[in-house]
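Heads up: the structure comes next, in structure tokens.
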Amino acid sequence: MSALRSIRGMNDVLPDDSHRWQYLEAVVVSVLDSYGYSEIRMPLVEPTALFSRSIGEVTDIVEKEMYSFEDRNGDSLSLRPEGTAGCVRAAIQHNLLATPARLWYRGPMFRYERPQKGRQRQFHQIGAELFGYAGPDADAELIFLLARLWRRLGLQNVVRLEINSIGSLDARAAYRSALVNYLSAHHDELDEDSQRRLQSNPLRILDSKNAQTQGLLDGAPALQEYLDDESREDFVRLCAYLDAAGVAYTVNPRLVRGLDYYNKTVFEWVTDELGAQGTVCAGGRYDGLVAQLGGKATPGVGFAMGVERLLLLIEALDLFPAEPVPSMYVMAMGDAAEQRATACVEKLRDTFPDLGITRHLGGGSFKSQMKKADRSGAQLALLWGEDEVAAGEVTIKPLRGDGEQQRLPEEQLSERVQALLE
RNA sequence: GUGGCCGUAGCUCACCAGGUAGAGCACCGGAUUGUGGCUCCGGAGGUAGGGGGUUCGAGACCCCUCGGCCACCCCA
């Protein structure tokens, strides 16, 4: 019988990697904290309708990438493909929007896609949502927060910001039909994918990778010309905030997002280090979403970052801090010594609650125990054998540097450890 | 969903006119019967992703399948 394995595109995070996840998460959380954002935890499963209504019926995510199923009641449920919809749903449900709110979330998201580097079926996002502010100062806050995060992670030079305004829903609809008009006249010159998108999601043609299609777009009506006044003014003000703060960006007039709920400001942080899946964080404004999901009309802006992609980036640039190693490794030989060692170590843990102490288990020769001590990376080795037990002593040996090992009465152990670790 | 490349020990890889597998690292043990890091010696570890076919004989060739990578697509 063949061994069971994890589902394609859904990976285990092994001990070597989990330290890296913890590092990234800790830095992100500390920046979010410092801007006054609070964590919210939503279920992984929501009513399917939540996603089709918010992300959009005809988007790829809803049409062919969701893990949807019927529960035993016959209700259609889906594994969340993204976090914003659930966050908005929760905020409405628990009346979090009566006053402005700063929220963040993290966790796995699920999309049935072909796995590739930087893209898996269960992937993780950390996102933030800012509710109740319609002005570009709110957009700017999120971008500043992210710029600060990249600096904290050492990524400021490998990640670049692209921004755009896609206008109000009305402006977008007007532009959309103008674009469809223009492109329909050139239908045969479009690549196959873009011909399909002409029906399903015409705005996505703007960021087609096909050279001929891009050439065609040079003569197409421009989104900016259709922007409503308010969107245009807000965008100018956002750019002014960024300029004043010295946050570099490029305006990408062809940047659109794949989810229907966005309006006005959209932005992406992109890197060239990761190949095709180079978008590491993306977001935008969604002023209509709360009302659309049944809440009182409330403006919102947010972003989500891809944890695996950021991890890949930090790894590629070798920016992870050194992995934690224990401070001490404790060995013993013989029953009596095992007892003494265990008792003393537990006392040591009382005295030094934060110290990393690895107790050797499983016996073996001193030689093999010492080898394990060395490989653990510990600074100090503690050792009990027959001689030590008989004398009420313990051997303490520095593993790094050139200090000599010594034997001392057990009562002096704490003091000595203190001194050696300073 | 589409196209291409790939899948041999825990890891990185080799062998290959098709003649039933090998190295380095890691691991375990010994040289040093109470002491690591260096060195030397030895050991364990593989149904060659899985299944089927061609063949006297297949890890090598063919098909299917699973998985990985790259690009498209999609998006974080």
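What you see is a predicted model; the values in this text were computed from it and never measured. Note: hydrogens, waters and symmetry copies are ignored here, and every other heavy atom, side chains too, is used. Letters A, B, ... are given to chains in the order of the sequence lines, protein chains preceding strands, and every chain is numbered from 1.
- Comparing C13(B) with C6(B), their P atoms are spaced 14 Å from each other, to the whole Å.
- As judged by a 4.0 angstrom heavy-atom cut-off over every strand, G275(A) is placed among residues touching the sugar-phosphate backbone only.
- Interface remark: the Q405(A) side chain does form a donor-acceptor pair with the U35(B) base, using a distance-only criterion of under 3.5 Å.
- Contact of R119(A) with C74(B) (side chain to base): a donor-acceptor pair of N or O atoms is detected under 3.5 Å.
- Taking the side chain as every heavy atom from C-beta outward, S327(A) and I357(A) never approach each other to under 4.5 Å.
- When heavy atoms are screened at a 4.0 angstrom cut-off, L383(A) is found touching base atoms of the nucleic acid.
- At G36(B), none of the side-chain N or O atoms of R400(A) fall inside 4.0 Å of OP1 or OP2 (strictly under the cut-off).
- Taking the P atoms as reference points, G51(B) lies 15 Å from A9(B), given to the whole Å.
- Applying the side-chain hydrogen bond (donor to acceptor under 3.5 Å, both in side chains) rule to R102(A) yields the partners E141(A); only residues at least two apart in sequence or on another chain are considered.
- Nearest to the side-chain atoms of K372(A) among the listed nucleotides C28(B), C74(B), C75(B) stands C28(B).
- The side chain of R375(A) places no N or O atom within less than 4.0 Å of a non-bridging phosphate oxygen (OP1 or OP2) of G36(B).
- To the nearest angstrom, C1' of G68(B) lies 17 Å from CE of M10(A).
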Exercise. Is there a salt bridge (Lys or Arg N to Asp or Glu O under 4.0 Å) between R257(A) and E268(A) once you walk through the steps?
Worked result: CA-CA 9 Å; R257(A) 313 277 10 272; E268(A) 267 182 33; 3.4 Å; yes
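- Between the P atoms of C15(B) and G22(B), the separation comes to 15 Å (whole Å).
- Within 4.0 Å (heavy atoms only), E82(A) reaches no atom of the nucleic acid at all.
- Counting any heavy atom pair closer than 4.0 Å across all strands shown, R204(A) reaches a base atom.
- Each of C74(B), G34(B), G36(B) was ranked by its minimum atom distance to the side chain of Q277(A); first place goes to C74(B).
- The base of G34(B) has none of its N or O atoms less than 3.5 Å from a complementary donor or acceptor on the side chain of Q369(A).
- T59(A) comes within 4.0 angstrom of no nucleic acid atom, judged by non-hydrogen atoms across all strands.
- When each of G34(B), C75(B), C27(B) is scored by its nearest atom to the side-chain atoms of R309(A), the top-ranked nucleotide is C75(B).
- Nearest-nucleotide positions on RNA chain B place K209(A) closer to the 5' end than the other of K209(A) and E268(A).
- Among the protein residues, G278(A) comes within range of no part of the nucleic acid, since none of its heavy atoms lies under 4.0 Å from any strand.
- In the set U32(B), G67(B), C69(B), C69(B) carries the atom at the smallest distance from any side-chain atom of P115(A).
- For the C1' atoms, the distance linking G10(B) with C5(B) amounts to 25 Å, nearest Å.
- When each of C72(B), U32(B), A76(B) is scored by its nearest atom to the side-chain atoms of D193(A), the top-ranked nucleotide is C72(B).
- Atom CZ in R121(A) sits roughly 7 Å away from atom P in G1(B) (whole-Å rounding).
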Listed pairs under 3.5 Å, donor-acceptor, residues 41-49 of chain A side chains, sequence neighbours left out:
{"from": "R41(A)", "atom 1": "NE", "to": "E39(A)", "atom 2": "OE2", "distance (Å)": "3.1"}
{"from": "R41(A)", "atom 1": "NH2", "to": "E39(A)", "atom 2": "OE1", "distance (Å)": "3.3"}
{"from": "E46(A)", "atom 1": "OE1", "to": "R89(A)", "atom 2": "NH1", "distance (Å)": "2.9"}
{"from": "E46(A)", "atom 1": "OE2", "to": "R89(A)", "atom 2": "NH1", "distance (Å)": "2.5"}
{"from": "T48(A)", "atom 1": "OG1", "to": "S76(A)", "atom 2": "O", "distance (Å)": "3.2"}
{"from": "T48(A)", "atom 1": "OG1", "to": "S76(A)", "atom 2": "OG", "distance (Å)": "2.7"}
{"from": "T48(A)", "atom 1": "OG1", "to": "L77(A)", "atom 2": "N", "distance (Å)": "3.3"}
{"from": "T48(A)", "atom 1": "OG1", "to": "L77(A)", "atom 2": "O", "distance (Å)": "3.2"}
{"from": "T48(A)", "atom 1": "OG1", "to": "S78(A)", "atom 2": "OG", "distance (Å)": "2.8"}

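- Of the listed nucleotides (G36(B), A76(B), U35(B)), A76(B) has the atom at the smallest distance from the side chain of Q125(A).
- The salt bridge (Lys or Arg N to Asp or Glu O under 4.0 Å) analysis of residues 169-190 of chain A, with sequence neighbours excluded, yields no pairs.
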Exercise. Can you list the steps and then say if R121(A) with E65(A) is a salt bridge (Lys or Arg N to Asp or Glu O under 4.0 Å)?
Worked result: CA-CA 9 Å; R121(A) 289 178 176 180; E65(A) 295 178 1; over 6 Å; no
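- Side-chain atoms of E82(A) never come within 3.5 Å of backbone atoms of I61(A) as a donor-acceptor pair (strictly under, hydrogens ignored).
- For the P atoms, the distance from C61(B) to G18(B) is 9 Å, rounded to whole Å.
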Distances under 3.5 Å between protein N/O atoms and the N/O atoms of nucleotides 3-7 of chain B, please, pair by pair.
{"from": "G3(B)", "atom 1": "O6", "to": "R114(A)", "atom 2": "NH2", "distance (Å)": "3.3"}

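- Among the protein residues, R257(A) comes within range of the sugar-phosphate backbone only, with heavy atoms under 4.0 Å from sugar or phosphate atoms but none that close to a base.
- Proximity of Y112(A) to P81(A): side-chain heavy atoms (C-beta onward) are nowhere separated by under 4.5 Å.
- Residue-level contact check: E388(A) touches the bases, meaning some heavy atom is under 4.0 Å from a base atom.
- Heavy-atom distances to RNA chain B give each of G9(A) and L274(A) a nearest nucleotide, and the one nearer the 5′ end belongs to G9(A).
- Across G30(B), C72(B), G34(B), the shortest atom-to-atom separation from the side chain of K367(A) is found for G30(B).
- Within the 4.0 angstrom heavy-atom criterion, only backbone atoms of the sugar-phosphate kind lie near R197(A); the bases stay farther away.
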Pairs under 3.5 angstrom only: tabulate donor-acceptor contacts from the side chains of residues 7-21 of chain A to other protein residues two or more places apart or in another chain.
{"from": "S18(A)", "atom 1": "OG", "to": "P15(A)", "atom 2": "O", "distance (Å)": "3.0"}
{"from": "H19(A)", "atom 1": "ND1", "to": "P15(A)", "atom 2": "O", "distance (Å)": "3.2"}
{"from": "R20(A)", "atom 1": "NH1", "to": "E315(A)", "atom 2": "OE1", "distance (Å)": "2.1"}

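- The only option from T358(A), V345(A), L355(A) that meets the side chain to side chain contact (heavy atoms under 4.5 Å, CB included) definition with M328(A) turns out to be L355(A).
- For the C1' atoms, the distance from G43(B) to G50(B) is 31 Å, rounded to whole Å.
- On the C1' atoms, A44(B) is 13 Å away from A26(B), given to the nearest whole Å.
- Residue A282(A) is in sugar-phosphate contact alone, with no base atom involved, counting any heavy-atom pair closer than 4.0 Å across all strands shown.
- With hydrogens and angles ignored, the 3.5 Å screen pairs no side-chain donor or acceptor of R111(A) with any backbone N or O of R80(A).
- Spacing between U55(B) and U20(B) at atom C1', rounded to whole Å, works out to 14 Å.
- Taking a pair as Watson-Crick or G-U wobble with both distances under 3.5 Å, RNA chain B forms stems of 3 or more consecutive pairs at B:1-7 with B:66-72, B:10-13 with B:22-25, B:27-31 with B:39-43, B:49-53 with B:61-65.
- K371(A) has its NZ atom 7 Å from the P atom of G29(B), to the nearest Å.
- Here the rule is side chain to side chain donor-acceptor pair (under 3.5 Å) with R285(A), and of T265(A), N263(A), D139(A) only D139(A) fits it.
- Side-chain proximity of R8(A) to G67(B), G36(B), C69(B): nearest is G67(B).
- In this model, a side-chain donor or acceptor of K397(A) finds a partner on the base of U35(B) within 3.5 Å.
- For the residue pair L206(A) and Q214(A), the shortest heavy atom distance occurs at O-NE2, 2.9 Å.
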